[in-house]
Amino acid sequence: MSTVTNEKTNRGGFKLSDYQGLPSTLCKGCGHDNITRNIVQAYYELGLEPHNVVKTSGIGCSSKTPAYFVHRGYGLNSVHGRMPSVSVGAKLANHHLQVIGVSGDGDTASIGMGQFCHLVRRNVDMVYVVENNGVYGLTKGQFSATSERGAKSKIGEVNEFTDIDLCALTITLGGTFVARGFSNDAKQMLALIKASVAHRGTAMLDVISPCVTFNNHEGSTKSIHYVMEHDIKLNELGFVSPWEQPTAEIKPGEAVEIPLPDGSHLIVRGVNNNHDPHDKFAALQLLEESRKKGEILTGLIYIAEKERDLNTAMRVNNPKTMAQMDEADCRPPKEAFEKYLNGFR
Amino acid sequence: MSTVTNEKTNRGGFKLSDYQGLPSTLCKGCGHDNITRNIVQAYYELGLEPHNVVKTSGIGCSSKTPAYFVHRGYGLNSVHGRMPSVSVGAKLANHHLQVIGVSGDGDTASIGMGQFCHLVRRNVDMVYVVENNGVYGLTKGQFSATSERGAKSKIGEVNEFTDIDLCALTITLGGTFVARGFSNDAKQMLALIKASVAHRGTAMLDVISPCVTFNNHEGSTKSIHYVMEHDIKLNELGFVSPWEQPTAEIKPGEAVEIPLPDGSHLIVRGVNNNHDPHDKFAALQLLEESRKKGEILTGLIYIAEKERDLNTAMRVNNPKTMAQMDEADCRPPKEAFEKYLNGFR
Amino acid sequence: MNPPPETLTASQPSTPLQLTVNDLSIEAATVNGTGSQSANNILAKSLFRMGIPMAAKNLFPSNIQGLPTWFTIRASKHGYTARKKELDWLIGMNPTTWEKDVANLRPGAVVMWNSNELSDAPVKARGDLIAYPIPMNDCIKGVAADAKLKKMLVNMVYVGAVTHLLGIEEEVVLKVIADQFKSKQKAVEINVACLRAGMEYAKASLPKKDPYRVERMDANGNKILIEGNTIAALGCLMGGVTVMGWYPITPSSSLAEALIALAKKHRVDAANHTIRFADVQCEDELASIGLVLGAGWAGARSMTTTAGPGISLMSEFVGLGYYAELPGVIFDVQRVGPSTGLPTRTAQGDVLAAAFCSHGDTEHLVLHPCSPEECYEFARISFDYAERYQTPVFVLLDLDLGMNFWMCEPPSYTTEAFDRGKVLSPAKLDELKAAGKKWGRYLDMDGDGIPWRPLPGNPHPDAAYFTRGSGHDEYARYSEDPEVYRRNLDRLRKKIEGSRTTLPQPVLETVPGAKVGILAYGSTNNAMREARDQLAAAGVKSDYLRIRATPLATAAVEKFFKEHERVYIVEQNRDGQMELMIRQVLTTPGAVDKIRPVRHYTGFPIDARTISDGVLAGEGKR
Amino acid sequence: MNPPPETLTASQPSTPLQLTVNDLSIEAATVNGTGSQSANNILAKSLFRMGIPMAAKNLFPSNIQGLPTWFTIRASKHGYTARKKELDWLIGMNPTTWEKDVANLRPGAVVMWNSNELSDAPVKARGDLIAYPIPMNDCIKGVAADAKLKKMLVNMVYVGAVTHLLGIEEEVVLKVIADQFKSKQKAVEINVACLRAGMEYAKASLPKKDPYRVERMDANGNKILIEGNTIAALGCLMGGVTVMGWYPITPSSSLAEALIALAKKHRVDAANHTIRFADVQCEDELASIGLVLGAGWAGARSMTTTAGPGISLMSEFVGLGYYAELPGVIFDVQRVGPSTGLPTRTAQGDVLAAAFCSHGDTEHLVLHPCSPEECYEFARISFDYAERYQTPVFVLLDLDLGMNFWMCEPPSYTTEAFDRGKVLSPAKLDELKAAGKKWGRYLDMDGDGIPWRPLPGNPHPDAAYFTRGSGHDEYARYSEDPEVYRRNLDRLRKKIEGSRTTLPQPVLETVPGAKVGILAYGSTNNAMREARDQLAAAGVKSDYLRIRATPLATAAVEKFFKEHERVYIVEQNRDGQMELMIRQVLTTPGAVDKIRPVRHYTGFPIDARTISDGVLAGEGKR
Ligand SMILES: Cc1ncc(C[n+]2csc(CCOP(=O)(O)OP(=O)(O)O)c2C)c(N)n1
Ligand SMILES: Cc1ncc(C[n+]2csc(CCOP(=O)(O)OP(=O)(O)O)c2C)c(N)n1
Ligand code: SF4
Ligand code: SF4
Ligand SMILES: [Mg+2]
Ligand SMILES: [Mg+2]
């Protein structure tokens, strides 16, 4: 928590420090800390009410990070791999909450695989960040399921298994917002985080986030150096809040402008391509091709901004939340109660 | 167990009844029983040694079926959704075993999602049959995760969630053999089962298998009637055992002939297309397109017959199995033992 | 107290027949998936509406269609409602079990069967049975064309025959049929036709040979006939549950499904079409419990329904609930374990699994309802306990209680306010501040071990906090400090210990001069009155302490041990799970030496005779 | 017995100094991820090689880099190896804990610190400490350029200073360094340079003010210095494990990793390059245990490694293992629960979770090793138990035992044959047949409740069977029959009961005339000799019963209770988990009244004083 005085405030009247958290206890240089910084910045710029921010996570170095941002929000650090389910519970209990879940590649793609797939399928309205470093950081460097076949571990072992591409997986499962970022690319990440928040549904951000302690060596396919060399930007992103003016006019064919439910706009400009992120099939193709080439494709890969989210599908969106329901909301009138019982005579 | 005398025997000297099991206790007309019949027939024709057949399953009507075939094989009916892990264990313990796992859509796509994904990723050498009826049969008809959005349940509820397409999912996860069958189409299934056995790696058979009791009504997208109407055959399949002669000469371009590791051949003849089942990307595209059209694509969708299976990758393929290892196999010589301890002085 | 009637009828010679009014158990042996359930319900409900105390049980297989099922109705003017060990009247409909069903009958019992399908031979071979063969298929020949429908309707023939032979009032049966099929006039007609066919056949061809009769009584008053799961669902509705995550599993699914149906009717907001109840059929039990705890954390009253295998899977999360102090209610409708066990049979096998769920030092609040009345009540108040103690609360039903039909006093409409426990509002936080008290999420401010919790969204600048399953101090800050850890664990124990006196207290029933104590809980209660009557008849006076929750009300249990020479602990499990919990707390010297276990674990509900025999054996009277 | 030395040094005034030889505890307070582990190991190993009894503990955070870590070495000529409650010698290296570290010191303790990084103030403020400030950064200025390397090497300075001040033999340290870095000559040189810098500085600038000295002894004989996990892995190798499924979790990962390393060396088939060991790092614990049971079922000796959260997740599967009778070994290296708890601290918190793992009536075999010797031995024979009893076997280590360094008699090379239990070969099946005996997979043919099992692949036409977690009869056929179910459950109990006399039996240590009994298990043993010496010095004679497994050896426990007036049960958990298991079996009247609990649950390993104080309090002497 910084204690800067005379700090500037955002539109919501909150200071940057309201979005910060405790000092990080991660290793110096850990990619996860960069992501934390960008979340702080994005949330500040979006002007979210910090006390309505709910931060969920599983277990791992990545899952510790919710303690390092938005200290005025509420954190629920659950058990390993189960961030999705507690997030769904919280969102159903109070759909006004702005839920962000942070997970790791071990947390999501190994033990949490089942919950992850089903969260995506339900399109729960939340931001889902996977801080993907290809290893289990907190347990000291074992391969995770997103580690590429042939990758070398710090102690020299070679990974024998094909990696799971979380972006392709999410699209296949019917996900509605799929993007990949890199912890060292703040600009891209900032736009992605903002768009994730504005999106109504599950926004899956697969952020490659090097583990400087256990997976930053020669032979690693998730080292800072390797990712820098292999990062291919799919698109340039511009996020325009409802109260902002787009900086430049968009010529047709040059970019896709996507209006998001909260009134903001996302401007997607293909880099050497004209990929429309609404095209599911093209998205899968791009992923598969870049994969074959050994590239790491980053940017907004796929979006379906008009799909219903879970609360809407279930009609759990009364302004009065489940958490606020009282006796009158919950109990049928006496007559209805008696009538029901009468059916058992 | 039939008690027919003078029964014909197959090349292995076994009778058809050696591949049969106890009488089924499933509902009359259940799709699962058709699948059982085809497994019996295929295994008989392949001449497998029944005592080397291992049948694993989870929990559900589908998971009961291993009791109904190959009574001279060994069955392990485990817990709900965990058939994959016990199968891996058995296969590592004894790689001579011919493992077939039977699961349901609930068992695989809900509770078993995580284990399923990771089994596929490891390419464990086994046949994996999902008897897919879109509902939880044994618990009386709740929707499963393979039930299409908009499908109606027997009690009139409408499914609000997108279905999980197990074929697309398996391909995305790096699966090496992906096929879809229909319990009423014996011919196709017979070829698919045989090819699955011959394949070295995880052969995933997603068999649409109507639940006549809970999901065979109007409005269901997995009723016998509905599937019959929407079944689109991707290809005609011919399976040729090592000791058989292909029935017809294949002209180039007309069909793909795939040699399998045990010496058998699979002949794949596209129906109104020339889909090469080695083309991962085309396979995904076909699935996505048929899905959009509301069709149910059946046949061999994808195969990568040259990938290493788990035992090979791990070099766990000594002719003497793990189950047979004795003291001499397991213990280093005394000198090595003492030397090792000496390192701690 | 009345003399134990089972002894009378059981030892009764087959001739001369002594008239037995309103006291018998009938069992229909059928095949599942053939629609016999509807006919059986009609029979059961008719007896109930005649004002005769009764209960009905469905003994079904873990299978959908084609396997044996038995439906048993016990009518008892004495109000005994447990399973009776021996049957008075068998209705044979299932060829596969027919021989065994007949062989199992006590001497002189009544047997009625479909002679079109089952052979007379087993009955003839015995010779001692009162036989009522009925060609049921023939009886309904003209009634329906469809073969499947016929298979269902044939069951109405025995309902008709029994109606005639026992003297059930025809108008009552007709009304029950009309109510059952409601607006479906066609169904009513066809069922009545089959009923009549059975009645006619009995009138014409079955001269009364058995001693049983039923007569209108007025014992049922205002009661309803209901399954424990169904009324528990109503308790949940009234208790204010708003979020449910569940995964189907026998025998708990019907609780969830009943609640969903109730919510569809009573929780829809007419104004904006929203629903004041969120239910997710989850992908598995790990997800259900996660959803429940996430929702409870965020302030909703939340619950899940499951059975043993689900409890095992939920273990890790339940530990988080205990340690991070998250409310949530877990309904465990117990079935027979271990493992998959007998999924459609009953047991009290999860007593320990629930109480000590998860690794490390934990102890959870567990409610043990014994009747539909308590199913309603405990379901309703479980949400209060969960929020008051900020911890997972288990409600343990069992298959017998949850899925069988029991008579029940209708619950009176609840007007009690929810007890939401120490929810920290912005105002309360200001108030504390003004009083100079520093609040901490895990700080014991009131000496009861229970801290105050703000709900996410609370905008007070001091309210936000971070919840975790790892070590934390009074202010929810991460800590590995050994003393902080111990302090927190001691506070948690204090908090849970406090529940010993606030959870539903044991119920004591005494008779003057009893030296024998019997301790039981849950559905076993249904056999207790009968068992104690049997004991009294055999000269053993007994007092009865019924446990309703753990952590145990230590004082009451100690007192019970002090006041009795021997204490029989009756359980429906093999290993004496409640006994172990009692051994844990008993400190009176010599108390544990008084323990005598009576255990039943076959998957069938316990019967009175098993209890009284157990006690009599212990008393040296057998 | 020797007088309790802790009391001596603890109450010793800071002056005049009394020479204390081979008896002190040193602690280096560092930051994790800075490489201090290497320096600390060198120091510890040097003391060990001087023949002085010692043990070393690493108290580390659940974090990778930048948080406080403490490494403690206890050297004791008496052979006491448990944690000492009070420290004799602090080495301060971590600015964040410096003040607190100093404040916590007992009066007159020694403190050495890096004066380039830490302020003198806290030491000055106290005034009573023996102070050795060292400008460690300055000492190694010329040695290394790289900043990160420097941070590591600075720790060698204190090793040097301590070496000089305590009188550790220089050649010993040099040899240890050489061994540690083996072929890396450069590393050896640079470390030696830093060591020398520390020695020089001490020689030049730190006149000896403290009373401690070490001298060569010959107490360690042939012993090795090893972590429990490492030697347990060797036990597994020798026990014949061939399949492992595991999921990383502290503090168990190093067991799995040590085994993998061993297998890479000793299980590779030179002829065909295959490996005689299959290990899968699974996607989670549900998969690991599934893999283990699948492999065990198919005939391999299989195992997994985990900690509390994993045990919770494995619960459902463990129930299957019990009920379907599948062998497999589960190593639970216990850490502090509940929930995530303190993942890098020690506890005995899973005693109950392991013993009664899963819903329904279950009881599992649990081994409680207390030392590296037993870690080896129990690991090795656990596979025999698993196969003999055809059931999951738990081996419960804890973090203290598993991850800390202990002296240990080297195990002698095992030549014992595997006990594969009742594996039914085709020949044996023929033999039974010839003898007219019908075999059934779950038939008790030998009266011990243990059935015969064929392995999949067995070609005998009668051998195949179907394994399930649902009800089954003696011939492995599906059954819902109540009597079949009960019979099976009774046999299972009989089988497990049989293990009471075959599992490792309790170890009894007595002194003449003791009326007080102490009962403990697992790593607590390491503090017991010292605690009993302390008690003896305070006039309390005590006998000691060490539990080594559950189900308990009932007779031995009963006897111990009979022969003592009070029995102190020492546990490293809050709720008395072993006590509960004892209460479950004690039948001697009055026995339970003798129970006196001594419980320690801070996450730190228990120390002798906590035990002796607990007993003295109970004896009214405190
Ligand atoms: C049930 C359970 N199993 C194992 C662990 C041990 N564990 C803690 S973090 C972790 C892996 C974390 O990897 P990842 O999610 O990739 O996070 P990272 O540390 O790399 O950011 C594991 C296996 C645990 N906490 N809980
Ligand atoms: C842990 C656990 N949860 C729930 C159940 C209850 N259950 C039994 S079968 C089943 C679903 C089966 O569905 P599916 O796999 O599709 O098989 P089907 O019966 O449709 O063939 C469920 C939920 C269980 N046995 N175990
Ligand atoms: S171990 Fe890796 S993932 Fe964990 S904090 Fe350090 S750098 Fe980050
Ligand atoms: S319920 Fe459905 S899936 Fe189960 S046996 Fe019957 S038809 Fe088959
Ligand atoms: Mg990671
Ligand atoms: Mg299904």
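Per chain, numbering begins at 1; letters A, B, ... match sequence-line order. Fair warning: this is a prediction, and the values are worked out from it, not measured in the lab.
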Q: May I have the step-by-step check of side chain to side chain donor-acceptor pair (under 3.5 Å) for Arg315(B) and Asn272(D), ending in yes or no?
A: CA-CA 9 Å; Arg315(B) 295 195 271 145; Asn272(D) 59 11; over 6 Å; no
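- For Thr274(D) (side chain) and Asn317(B) (main-chain N/O), no donor-acceptor pair under 3.5 Å exists by modelled atom type.
- At least one donor-acceptor pair under 3.5 Å links the side chain of Glu327(B) to the backbone N or O of Phe418(D).
- Between the side chain of Arg331(B) and the main chain of Gly240(D), no donor-acceptor pair closer than 3.5 Å is present.
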Q.
Assess the residue pair Thr467(D) and Asn77(B) against the criterion (side-chain contact (heavy atoms from CB on, under 4.5 Å)); give the C-alpha distance rounded to whole Å, side-chain angles, the decisive distance to 0.1 Å, and a yes or no.
A. CA-CA 6 Å; Thr467(D) 313; Asn77(B) 179 201; over 6 Å; no
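- Contacts of Leu341(B) with chain D are made by both backbone and side-chain atoms, with heavy-atom separations under 4.5 Å.
- With respect to Arg122(B) and Glu283(D), a salt bridge is recorded, a charged nitrogen being found less than 4.0 Å from a carboxylate O.
- Note on Ala278(D), Gly299(D), Pro456(D), Ala298(D): by heavy-atom pairs under 4.5 Å with chain B, the leading option is Pro456(D).
- For Arg276(D) (side chain) and Asp329(B) (main-chain N/O), a donor-acceptor pair under 3.5 Å exists by modelled atom type.
- Within a 6.0 Å radius of NZ in Lys265(D), no more than 12 heavy atoms belonging to other residues, nucleotides or ligands are found.
- Under the 3.5 Å distance criterion, the side-chain polar atoms of Tyr340(B) are left unmatched by any main-chain donor or acceptor of Leu262(D).
- Neither the backbone nor the side chain of Asn311(B) comes within contact range of chain D; no heavy atom of the residue lies under 4.5 Å from a heavy atom of that chain.
- Within the 4.5 angstrom heavy-atom criterion, only backbone atoms of Pro333(B) (N, CA, C, O) approach chain D.
- One N or O on the side chain of Arg49(D) and one on the backbone of Arg345(B) form a donor-acceptor pair closer than 3.5 Å.
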